[in-house]
Undergrad: 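Before we start, here is the structure in question, set down as structure tokens.
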Amino acid sequence: MPEAQPNQRTLEGKVALVAGATRGAGRGIAVQLGARGATVYVSGRSTRGRRSEYDRPETIEETAELVTAAGGLGIAVVADHLVPAEVEALVRRIDAEQGRLHLLVNDIWGGERLFEWDSPVWEHDLDNGLRLLRLAVETHAITSHYALPLLLREPGGLVVEMTDGTAEYNGTRYRNSFFYDIAKSSVLRMAFALGHELGPRGATAVALTPGWLRSEMMLDAFGVTEATWRDALAKVPHFAISETPSYVGRAVASLAADPDVSRWNGESLSSGQLAGVYGFTDLDGSRPDAWRYMVEVQDPGHPADTTGYR
């Protein structure tokens with residue numbers, strides 16, 4: 001399937017919910033759906049009036065404005081996806097205002113500051129670890145519980161479970177800590193299970209991972225901006241394979257516009273993999289394939305070299 005350009009309104013008339021759209025991949029996905037003409041409900045806890053525990057400046061109102069500026073309609077809704085009543089109210093609002101839901105993106109996370117790198121379970125802060133699991137797993141289950149009846153009202157719906165790592169990669173590798181590993185592997189399994197439940201009912205579920213994401217938090221951690229991100233390569237050479245949130249956003253938009261999306265039902269996908277199938281690029285025109293790079297270059301300890309990988 002050839003790449004659809006951002007001004008091609010291939011998703012006009014479609015209604016999406018991006019749960020956890022305040023920043024990072026969620027924001028990138030919401031904006032790229034808007035660029036294709038979709039109506040996008042963006043939910044999260046960080047608003048202009050109150051910050052979440054992240055205590056960061058990004059807000060769901062900003063995300064909604066970016067969606068509208070891109071060519072869609074962005075609608076911000078404050079919701080804590082750990083609170084069933086708030087999620088139920090969010091879905092009821094979508095039903096009341098639109099009467100349908102074509103796409104659910106479960107991108108709720110919130111655990112960056114909760115896990116401890118390479119810390120065994122008996123040394124890891126238990127409260128933080130359990131909080132991470134609630135934020136990463138329970139939120140997705142709650143959101144699917146309330147949103148899927150609306151999504152199934154019309155055939156052809158799509159659920160995208162956002163995670164970190166493909167099933168193939170995570171299946172044989174320890175991912176950072178006991179709690180982080182379980183969280184990301186659980187989301188992969190959610191997509192598999194949802195595929196079995198949704199497929200016979202005319203809908204599709206997939207797991208999707210970006211590569212090394214140049215999120216707002218990652219750029220801040222490296223002391224760079226999107227304009228100067230290559231300055232970080234002096235200290236972290238493999239960051240050369242990184243990608244913008246727009247890249248995985250274009251992956252979701254391509255899936256949502258694919259009339260044959262059911263071919264992916266229950267599968268684990270990556271932004272780099274789908275770029276090769278659908279023909280989209282990152283904002284700079286490249287096609288980073290981070291997970292192949294990880295396996296073939298970074299993990300074996302080879303010098304950083306993205307030739308043939310972007």
Undergrad: Please identify each residue that fulfils ring-ring contact (aromatic ring centres under 6.0 Å, His included) with Y247, with sequence neighbours left out.
TA: F280
Undergrad: Determine the minimum heavy-atom distance between T143 and V87, stating which atoms define it.
TA: CA-CG1, 3.8 Å
Undergrad: With rounding to the nearest 0.5 Å, note down the distance linking CG in N176 to CH2 in W117.
TA: 3.5 Å
Undergrad: Between V18 and Y41, is a side chain to side chain contact (heavy atoms under 4.5 Å, CB included) present by the stated rule, with each step listed?
TA: CA-CA 6 Å; V18 182; Y41 285 79; over 6 Å; no
Undergrad: Testing the basics here: between S46 and R23, what is the closest heavy-atom pair and its distance to 0.1 Å?
TA: OG-NH2, 3.3 Å
Undergrad: Between T59 and E62, is there a donor-acceptor pair closer than 3.5 Å when you use the side chain of the first and the backbone of the second?
TA: yes
Undergrad: Using 0.5 Å steps for rounding, measure from the CG atom of L219 to the OG1 atom of T228.
TA: 8.0 Å
Undergrad: Between the main-chain N or O of Q98 and the side-chain N or O of R100, is there a donor-acceptor pair closer than 3.5 Å?
TA: yes
Undergrad: Looking only at non-hydrogen atoms, find the nearest pair between D305 and T307 and report the distance.
TA: OD1-OG1, 2.7 Å
Undergrad: Distance-only, no hydrogens or angles: does the D282 side chain make a donor-acceptor pair with backbone N or O of D284 under 3.5 Å?
TA: no
Undergrad: Can you tell me how far CZ of R92 sits from CG of L150, rounded to the nearest 0.5 angstrom?
TA: 12.5 Å
Undergrad: So D289 and R310, do their side chains get closer than 4.5 Å, heavy atoms only?
TA: no
Undergrad: Have a look at N170 and tell me which of D181, L188, V187 forms a side-chain contact (heavy atoms from CB on, under 4.5 Å) with it.
TA: L188
Undergrad: Filter on side chain to side chain donor-acceptor pair (under 3.5 Å), then keep only pairs touching residues 144-155, sequence neighbours left out; what's left?
TA: D95-R153, H102-E154, N106-S144
Undergrad: Under 3.5 Å, which donor-acceptor pairs link side chains of residues 196-207 to any protein atom two or more places apart or in another chain?
TA:
| from | atom 1 | to | atom 2 | distance (Å) |
| --- | --- | --- | --- | --- |
| R201 | NH1 | E197 | O | 2.7 |

Undergrad: Does the side chain of R45 come within less than 4.5 Å of V78's, by heavy atoms?
TA: no
Undergrad: What's the shortest heavy-atom distance between A183 and L132, and which atoms?
TA: CB-CD2, 3.6 Å
Undergrad: Any chance you could lay out the side chain to side chain contact (heavy atoms under 4.5 Å, CB included) test for T39 and L33, step after step, and finish with the verdict?
TA: CA-CA 8 Å; T39 294; L33 292 173; over 6 Å; no
Undergrad: Shortest non-hydrogen contact from W212 to M218?
TA: NE1-CE, 3.5 Å
Undergrad: Does a side-chain heavy-atom distance below 4.5 Å link E138 with L82?
TA: yes
Undergrad: Considering only heavy atoms from C-beta outward, does the side chain of D107 approach that of V160 to under 4.5 Å?
TA: no
Undergrad: Could you go step by step and tell me if L148 and L194 meet the side chain to side chain contact (heavy atoms under 4.5 Å, CB included) rule?
TA: CA-CA 10 Å; L148 291 185; L194 285 174; 3.7 Å; yes
Undergrad: Apart from V83 itself, what residues make up its hydrophobic cluster when side-chain heavy atoms of I, L, V, M, F, W and Y under 4.5 Å apart count as a link, directly or indirectly?
TA: none
Undergrad: Which heavy atom of A304 sits nearest a heavy atom of Y293, and at what distance?
TA: CA-OH, 3.3 Å
Undergrad: For R56, check side-chain hydrogen bond (donor to acceptor under 3.5 Å, both in side chains) against everything at least two apart and list the hits.
TA: E58, D220
Undergrad: To the nearest 0.5 angstrom, please state how far the OG atom of S268 sits from the CG atom of L208.
TA: 8.5 Å
Undergrad: Mind running salt bridge (Lys or Arg N to Asp or Glu O under 4.0 Å) on R36 and E12 for me, showing each step along the way?
TA: CA-CA 7 Å; R36 299 281 190 93; E12 192 163 15; over 6 Å; no
Undergrad: For S43 and V77, indicate whether the former's side chain and the latter's backbone hold a donor-acceptor pair under 3.5 Å.
TA: no
Undergrad: Would you say the side-chain atoms of T244 and R214 include a donor-acceptor pair closer than 3.5 Å?
TA: no
Undergrad: For the side-chain contact (heavy atoms from CB on, under 4.5 Å) test, which of I75, L151, L90, V40 pairs with L17?
TA: L90
Undergrad: Can you list the residues that meet the ring-ring contact (aromatic ring centres under 6.0 Å, His included) rule with W229, with sequence neighbours excluded?
TA: F239
Undergrad: Decide if atom CZ of R175 counts as having more than 12 heavy atoms of other residues, nucleotides or ligands within a radius under 6.0 Å.
TA: yes
Undergrad: Is Y174 close to D118 at the side-chain level, that is, under 4.5 Å between some pair of heavy atoms?
TA: yes
Undergrad: So L255 and L274, do their side chains get closer than 4.5 Å, heavy atoms only?
TA: yes
Undergrad: Quick one: does E97's side chain have a donor or acceptor within less than 3.5 Å of a partner on I94's backbone?
TA: no
Undergrad: Checking R131 now: which residues fulfil side-chain hydrogen bond (donor to acceptor under 3.5 Å, both in side chains) with it, not counting sequence neighbours?
TA: E53
Undergrad: Thinking salt bridges, do D258 and R263 make one under a 4.0 Å N-O criterion?
TA: yes
Undergrad: Regarding Y180 and D164, is there a side-chain donor-to-acceptor distance under 3.5 Å anywhere?
TA: yes
Undergrad: CZ of R189 to OG1 of T163: how many Å apart, nearest 0.5 Å?
TA: 13.5 Å
Undergrad: Determine yes or no for a side-chain-to-main-chain donor-acceptor pair under 3.5 angstrom, with R9 supplying the side chain and G71 the backbone.
TA: yes
Undergrad: Just by modelled atom types, is the E65 backbone N or O under 3.5 Å from a matching donor or acceptor in the T68 side chain?
TA: no
Undergrad: Residues two or more places apart in sequence or in another chain: which of them pass salt bridge (charged side-chain N to carboxylate O under 4.0 Å, His left out) with R113?
TA: none
Undergrad: Among side-chain atoms of E243 and S271, is any donor-acceptor pair under 3.5 angstrom?
TA: yes
Undergrad: Considering only heavy atoms from C-beta outward, does the side chain of R134 approach that of T139 to under 4.5 Å?
TA: no
Undergrad: Give the other cluster members for M294, using side-chain heavy-atom distances under 4.5 Å between Ile, Leu, Val, Met, Phe, Trp and Tyr residues; answer none if it is isolated.
TA: Y169, W291, V295
Undergrad: Between T281 and R287, do the side chains contain a donor N or O and an acceptor N or O under 3.5 Å apart?
TA: no
Undergrad: For W264, what residues pass the side-chain hydrogen bond (donor to acceptor under 3.5 Å, both in side chains) criterion, not counting sequence neighbours?
TA: Y278
Undergrad: Please give the remaining members of the hydrophobic cluster of M190, linking ILVMFWY side chains under 4.5 Å, ordered by chain and number.
TA: V137
Undergrad: I would like to know whether L158 and L104 meet side chain to side chain contact (heavy atoms under 4.5 Å, CB included); could you show each step before the answer?
TA: CA-CA 6 Å; L158 172 64; L104 168 63; over 6 Å; no
Undergrad: Any chance the side chains of E161 and H140 put a donor and an acceptor closer than 3.5 Å?
TA: yes
Undergrad: Can any side-chain N or O of T63 pair as donor or acceptor with the backbone N or O of T22 at less than 3.5 Å?
TA: yes
Undergrad: Taking the side chain from E86 and the backbone from H81, do they hold a donor-acceptor pair closer than 3.5 Å?
TA: no
Undergrad: Would you say that L213 contacts S242 through its side chain, given a criterion of any heavy-atom pair below 4.5 Å between the two side chains?
TA: no
Undergrad: Please list, one pair per line, the donor and acceptor atoms closer than 3.5 Å that link side chains of residues 122-129 to other protein atoms, with sequence neighbours excluded.
TA:
| from | atom 1 | to | atom 2 | distance (Å) |
| --- | --- | --- | --- | --- |
| H124 | NE2 | E116 | N | 3.1 |
| D125 | OD1 | D127 | N | 3.2 |
| D125 | OD1 | N128 | N | 2.7 |

